[in-house]
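Accompanying notes for the structure given below.
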Amino acid sequence: MLQVKIIRDEKQRILTGLRKRNWQGAQLKVIDQIIALDDDRRATQKELDDLLAEQNRVAKQIGQLMGQGKKDEAENAKSGVAAMKEKSKEREEQLESIKSRLEDLLYSVPNIPHKTVPKGKTPEENKVFRAWKGELPTLPAEAKAHWDLAKDYNLFDLELGVKLTGAGFPVYRGQGARLQRALIQFFLDEAVKAGYEEIMPPHLVNEATARGTGQLPDKEAQMYTCERDNLYLIPTAEVPVTNIMRDEIVPEKNLPIKMTAYTPCFRREAGAWGAHVRGLNRVHQFDKIEIVQIEHPDRSYETLQGMLKHVMGLLKKLELPYRILLLCGGDMGFASAKTYDFEVWSAAQQRWLEVSSVSNFETFQTNRMQLRYRDADGKIQLAHTLNGSALALARIVAALLENNQTDEGIRIPKALQKYTGFSMIKR
RNA sequence: GGAGGAGUGCCAGAGUGGUUGAAUGGAGCGGUCUUGAAAACCGCCGUACUCGUAAGGGUACCGGGGGUUCGAAUCCCUCCUCCUCCGCCA
């Protein structure tokens with residue numbers, strides 16, 4: 001959520017930013033509506049405060065008169081209070097209504113893209129930030145996609161998932177399950193080595209938490225809900241982990257705060273099904289290791305680059321061909337100011353699969369969350385939040401299986417072998 | 001799940017209807033003293049909104065929400081959380 005103050009002070013920059021997200025014409029009027037409503041809010045607030053101040057004054061006066069034993073005068077002073085109370089009640093209701101309308105409008109405005117974010121409407125207009133420099137692996141004609149390999153080697157079973165739960169809930173087994181566990185362990189170890197504190201958060205969160213990172217109200221349809229208890233299954237560890245710092249004021253010297261967590265991720269992916277979502281390409285439950293940083297605004301873009309390096313390191317160790325995209329304004333997530341996507345090459349499918357998304361949210365989340373730091377002058381400022389997948393398992397597994405298939409079995413990258421305990425998946 | 005108790009500032013902990021945003025202590029920050037440090041002493045030490053160029057005002061907040069009252073941290077209702085005991089249980 002953007003700060004009203006910034007919308008007021010830097011209106012032109014905000015409008016320019018929204019245009020980069022392909023907002024136009026009537027849509028942009030929201031900004032003027034917000035400013036007008038905020039004017040209203042201030043005026044109403046002032047009226048209410050003045051009324052309350054007067055009531056406080058009378059109450060104090062009555063207190064003093066009572067103290068002096070002047071009962072009659074005290075009774076006298078009470079006349080007129082009722083009318084004032086009625087009026088302030090009215091103003092208060094007005095103020096509540098204005099505030100809630102204002103909040104609704106603010107929730108509808110996405111984050112402003114960073115100045116380095118390219119223009120564009122569709123994923124096709126994303127910029128290749130770092131192309132794969134080597135050769136892409138080529139496989140013999142009889143090479144199989146990962147869903148077929150899974151059957152050959154008994155690695156995971158989607159039909160079985162349907163039996164237990166429904167479509168999109170894979171059951172991993174045998175060497176497949178072991179591979180999952182190995183990847184989780186590997187990614188967590190790497191993150192801890194890079195200075196992130198390991199966190200094991202709850203997999204269900206309440207409404208305030210879902211609101212803090214922006215899942216509510218924008219992406220409600222993406223989450224599984226437990227209505228009876230008013231809880232949400234997390235779509236990513238970002239949600240509980242970032243919210244650890246909600247409503248905190250941290251000393252500047254504690255920044256950056258670096259946290260990592262492995263969690264399963266649950267996504268409804270409503271309406272996202274199509275021909276290209278076979279196998280593990282898109283599932284409702286997958287495993288992901290997330291890295292999160294709370295950073296000083298002056299350093300957050302440097303930190304973003306650092307997070308890219310971390311993810312690059314992981315992919316290198318997994319020996320997977322990858323490329324990095326800089327997302328254009330039209331393809332970026334609602335809350336992000338700048339996002340890089342990582343894609344790995346899936347050799348059997350002959351396509352790139354997104355395995356990580358690394359973003360700087362600037363103050364968009366911290367404003368909602370009231371996550372702030374105290375600077376050297378003692379002033380309280382909103383911190384920046386960043387996060388990235390490091391990494392999302394399902395598609396990594398897909399690429400790993402496909403790219404490394406040989407006549408003898410499926411080769412495990414060296415870095416992973418000490419975690420799997422085997423160097424080759426065999427029948 | 002049942003019974004009882006409790007939720008106050010960064011922490012500990014007073015406060016049971018009237019100038020209480022909240023005693024006191026600790027921590028922290030600044031200063032005096034000291035070669036330096038400690039101790040001692042002095043001062044500062046909440047957040048948000050709002051009016052104001054500023055100085056400085058105003059309002060709200062003592063777990064959340066609602067109510068009673070001229071006036072609520074203090075009384076009432078409700079929800080949440082924590083603690084103790086019992087039950088159940090990986």
Side-chain angles (χ1 to χ4, degrees), chain A residues 1-9 34-106 200-212 216 226-232 240 243-255 257 264 294 363 365-383:
Chain A
M1 182 168 60
L2 295 175
Q3 298 169 82
V4 183
K5 188 175 151 10
I6 290 184
I7 293 179
R8 300 188 76 109
D9 294 351
I34 286 173
I35 293 171
L37 210 47
D38 189 53
D39 287 339
D40 243 19
R41 191 196 105 252
R42 289 182 186 199
T44 310
Q45 177 86 60
K46 176 79 176 118
E47 281 179 51
L48 175 63
D49 284 355
D50 288 347
L51 284 166
L52 291 176
E54 178 61 11
Q55 283 169 45
N56 284 343
R57 202 186 58 72
V58 172
K60 269 180 193 168
Q61 193 186 19
I62 291 172
Q64 276 171 347
L65 290 171
M66 297 287 269
Q68 293 160 14
K70 298 178 182 167
K71 282 236 163 69
D72 291 349
E73 286 183 47
E75 281 307 315
N76 237 341
K78 287 186 194 179
S79 69
V81 171
M84 260 194 299
K85 282 182 80 171
E86 204 170 311
K87 211 168 164 190
S88 61
K89 187 98 190 160
E90 203 177 284
R91 284 287 173 279
E92 201 181 329
E93 278 163 17
Q94 234 173 46
L95 185 63
E96 284 313 308
S97 138
I98 291 170
K99 276 180 166 172
S100 104
R101 272 182 290 155
L102 183 58
E103 190 166 75
D104 286 348
L105 289 185
L106 285 170
M200 259 197 153
H203 299 165
L204 289 159
V205 294
N206 59 29
E207 205 181 315
T209 300
R211 197 168 284 275
L216 291 180
C226 303
E227 280 168 34
R228 186 169 169 181
D229 298 292
N230 205 4
L231 297 172
Y232 301 83
N243 273 280
I244 286 174
M245 300 307 296
R246 189 174 76 224
D247 291 322
E248 296 283 339
I249 299 172
V250 301
E252 188 174 17
K253 65 173 164 43
N254 288 11
L255 300 176
I257 293 165
I294 319 293
T363 60
Q365 294 181 326
T366 52
N367 184 37
R368 276 192 200 193
M369 262 192 284
Q370 289 300 294
L371 196 184
R372 295 162 296 170
Y373 68 95
R374 196 181 294 277
D375 71 16
D377 302 328
K379 276 181 71 184
I380 289 168
Q381 315 271 9
L382 292 174

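The chains referred to below are lettered A, B, ... by the order of the sequence lines, with proteins before strands, and numbering in each begins at 1.
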[atom1] gap between [N] and [M], integer Å:
N	M	atom1	value
B/rC70	B/rG2	C1'	43 Å
B/rU81	B/rC42	P	45 Å
B/rA40	B/rU59	C1'	42 Å
B/rC33	B/rG71	C1'	49 Å
B/rU69	B/rU74	C1'	13 Å
B/rC11	B/rU50	C1'	32 Å
B/rA39	B/rG28	P	9 Å
B/rG31	B/rU68	C1'	50 Å

Write out a two-atom table: protein N or O, nucleotide N or O from nucleotides 66-70 of chain B, distance below 3.5 Å.
| unit_1 | atom_1 | unit_2 | atom_2 | d |
| --- | --- | --- | --- | --- |
| B/rG67 | OP1 | A/Lys89 | NZ | 3.4 |

Side-chain-base donor-acceptor pair under 3.5 Å for A/Gln64 and B/rU19: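 Under the 3.5 Å cut-off, the side chain and the base do form a donor-acceptor pair.
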
Check whether any side-chain N or O of [X] sits under 4.0 Å from OP1 or OP2 of [N], and answer yes or no.
X	N	value
A/Arg57	B/rG71	no
A/Asn56	B/rU19	no
A/Arg374	B/rU47	yes

Nucleotide opposite B/rG1 in a Watson-Crick or G-U pair, distances under 3.5 Å: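 With both distances under 3.5 Å, B/rG1 matches B/rC86.
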
Residue matched to B/rG71 through Watson-Crick or wobble contacts both under 3.5 angstrom: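 Across all strands, not a single nucleotide pairs with B/rG71.
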
Nearest-nucleotide comparison on RNA chain B, the residue closer to the 5′ end among A/Arg372 and A/Glu54: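 Result: A/Arg372.
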
Ring pair (Phe, Tyr, Trp, His ring centres under 6.0 Å) involving A/Tyr232 - partner list, sequence neighbours excluded: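 Once residues adjacent in sequence are excluded, A/Tyr232 has no partner under the ring pair (Phe, Tyr, Trp, His ring centres under 6.0 Å) criterion.
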
Among B/rC49, B/rC51, B/rG58, the nucleotide that comes nearest once only the side chain of A/Gln45 is considered: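 Nucleotide nearest to A/Gln45's side chain: B/rC49.
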
